[in-house]
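This structure is a prediction, so every number in the text was calculated from the model and none was measured. Proteins come first, then strands; the chains are lettered A, B, ... in the order of their sequence lines, and each starts at number 1.
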2 protein chains.
Amino acid sequence: MSKTITAALCASAALALGAPAMAAQPSSAELRATASKLFQPIPEAQVVVRDKKLTPDQIQLGKWLFFEPRLSKSHIISCNTCHSVGTGGADNIPTSIGHGWQHGPRNSPTVFNAVFNIAQFWDGRAADLQEQAKGPVQASVEMNATPKHVEDTLRSIPEYVEFFAKAFPGEKQAITFDNMAKAIEAFESTLTTPNSRFDQYLAGKETLNGTELKGLNLFISKGCVACHAGINVGGQGYFPFGVVKKPGAEVLPVKDKGRFTVTNTASDEYVFRAGPLRNIALTAPYFHSGEVWDLEQAVAIMGSSQLGQELNADEVKSITAFLNTLTGEQPKVEYPTLPRSTAATPKPQQ
Amino acid sequence: MSKTITAALCASAALALGAPAMAAQPSSAELRATASKLFQPIPEAQVVVRDKKLTPDQIQLGKWLFFEPRLSKSHIISCNTCHSVGTGGADNIPTSIGHGWQHGPRNSPTVFNAVFNIAQFWDGRAADLQEQAKGPVQASVEMNATPKHVEDTLRSIPEYVEFFAKAFPGEKQAITFDNMAKAIEAFESTLTTPNSRFDQYLAGKETLNGTELKGLNLFISKGCVACHAGINVGGQGYFPFGVVKKPGAEVLPVKDKGRFTVTNTASDEYVFRAGPLRNIALTAPYFHSGEVWDLEQAVAIMGSSQLGQELNADEVKSITAFLNTLTGEQPKVEYPTLPRSTAATPKPQQ
């Protein structure tokens, strides 16, 4: 069953989720209590590691693979190319550039906190990060490789043979395309960004100023929270882009019908996973089309297209100020020294 | 004056450099004494930092810039793209791929220990790393940017304004294309790879086995050392590729005349800077054309083209075993978290 909710549901969801209809600014205590019902803080990486029972060997192997350009046909594209740990977990261009300088169809979503999304990709076509990791490796417009290329490459390098055996003990042939994806998921699960000012606020600290608190209240009372709630302030469900009014084709290209191509259900036309808003200030340009560079403009478009409200300049500024508090501590990643190729390693093809 | 030496000089240089004509394997003490005259160990980064009077602010800024894709017109190519700190300081493909998936003319040289080379690029057209850094940023087949693009970009980002001011104190306008290059040079100067097994041997330890010692002796006595000596085991002078016999066009493409395009001197046709051999085991494929993947094959080609000797299989294996001892400790680099763009930052153009 599609998790899409209708426009009617969307409009009423703020209340359903426990947000009172707040016309005026509520008291400080009321606002924090409401926010604490609607959002959860981003945990430290070690909490995720424990919950998902990830081993240090799996995480370390996954880090190698995340930075491994030899997973691509050309040997110059790695996961980090489009999901750079140095720039908010994304590439910050409209749509990604892959093999042969082909332009991909959609904006690269951040890998940071992606483990907390309900599913992966803008249309949710991958259930989890493991399934997701297999996509770009094989996509002809991205890394343009095959499972065989990946397995042949990794099996030709003694250090990978050793590391896969450690990460997946007891398996006769530990180097498989599936285990590559599992290891990448393990590493990506550690890319969380805790301790944003908003999370400190949720923990009881006075980290938000007046404008940001006003923005938080507007975010809840105007109904943004209907689609952007939970741990990732979004990323938890599917919604039509243009609940009330469709944006222009420059923002919502007519040909990209979103989740429709996954479910083949008419009501899923132009339906996308609500963008997770954690670290949103770091990952312009915005929307699946990557056509909007200014966060205030993105907020205004959301107001008119999803809520049917022309937010005034002051409201847009306040909501944007709140969104800026969602930037957490960025992961510290030591660049891995990758093992060298051997005579048996497939050569790059460009 | 060109630093090219002639074939005659090259053939006699081993002796000139102090290498005795060793037919049989010399005694252990003799070999170490000779090697210590011909080669110097790679120092720790802090020695270079002290000698060059680099400040922590310059190095830190340089690290940001080394990983900064917004220095390129497309916003997806950084210094690290072709000189990856994870893969021996190079990209390990025949010739680099740049803007618009254009193929560059030559194999990407390693950035590791590049500070010790006499000059930069295969033809030595840049005197130092500072001059070198300006090349790929502007080359249309590489990052395809302009000094104005770089300065506009960096000046639009408050964190860069602050960091340049710290790195270059007292300068009215610290953000300049020249200072970008200076900072990148400062960071790249820290990318040294000390403590290779060969350097430990030079320091008096018994780290080389019999085959490797035999290879070292052959490397000296056969005359390889005439062009590949000093701290970087090469990188110190210019020599014709094909001193004795020109290799085939697949290895020495006819159109690339090397240093001739720098000096416009007939004797510099097909003259290149002798490749520095530090970490050579990590940076296949070999030669400026990047057409040879196997290090043993590269050694054999050097024997016939530079020394006019058909090295036998055992000699090739021994020399290659010695070259494998030149792999040092790889730099540990924490991926920098780059500051976000602002509304004034130039947009990517792809």
Test side chain to side chain contact (heavy atoms under 4.5 Å, CB included) applied to A:Leu65 and A:Phe187, step by step: CA-CA 9 Å; A:Leu65 295 170; A:Phe187 171 64; over 6 Å; no
Contact listing (chain A partner; residues 99-115 of chain B; heavy atom under 4.5 Å): B:His99, B:Gly100, B:Trp101, B:His103
A:His288 to A:Val251 - nearest heavy-atom pair and separation: CE1-O, 4.1 Å
Nearest-0.5 Å distance that lies between atom CG in B:Leu71 and atom CD1 in B:Ile184: 6.0 Å
Contacting region of A:Thr81 [heavy-atom separation from chain B under 4.5 Å]: neither
Contacts of residues 275-284 of chain B with chain A (heavy atom under 4.5 Å): B:Ala281, B:Leu282
Exercise: do B:Arg70 and B:Thr345 side chains pair donor with acceptor under 3.5 Å: no
Least distance between heavy atoms, A:Ser189 atom then A:Glu185 atom: OG-O, 2.7 Å
Short N-O contact, A:Glu159 and A:Arg340, less than 4.0 angstrom: no
Contacting region of B:Tyr335 [heavy-atom separation from chain A under 4.5 Å]: both
Most contacts with chain B, counted as non-hydrogen pairs under 4.5 angstrom, among A:Thr342, A:Thr87, A:Ile76: A:Ile76
Considering all heavy atoms, the nearest B:Trp293-B:Ile93 contact: CH2-CA, 4.5 Å
Exercise: identify the closest heavy-atom pair between A:Ser156 and A:Pro346: OG-CD, 4.4 Å
Structural part of B:Pro339 lying under 4.5 Å from a heavy atom of chain A: neither
Side chain, backbone, both or neither of A:Pro94 within contact of chain B (heavy atoms, under 4.5 Å): side chain
A:Trp64-A:Tyr160 aromatic ring centre distance below 6.0 Å: yes
Least distance between heavy atoms, A:Thr211 atom then A:Ala321 atom: CG2-CB, 3.9 Å
Per-residue contact mode, B:Leu338 against chain A (heavy atom under 4.5 angstrom): both
pair B:Val233-B:Leu326: side-chain heavy atoms closer than 4.5 Å: yes
Distance-minimising heavy-atom pair for B:Leu311 and B:Glu315: CA-OE1, 3.3 Å
A:Glu212 with A:Arg197: basic N within carboxylate O range, under 4.0 Å: yes
Most contacts with chain A, counted as non-hydrogen pairs under 4.5 angstrom, among B:Glu68, B:Lys332, B:Gln350: B:Gln350
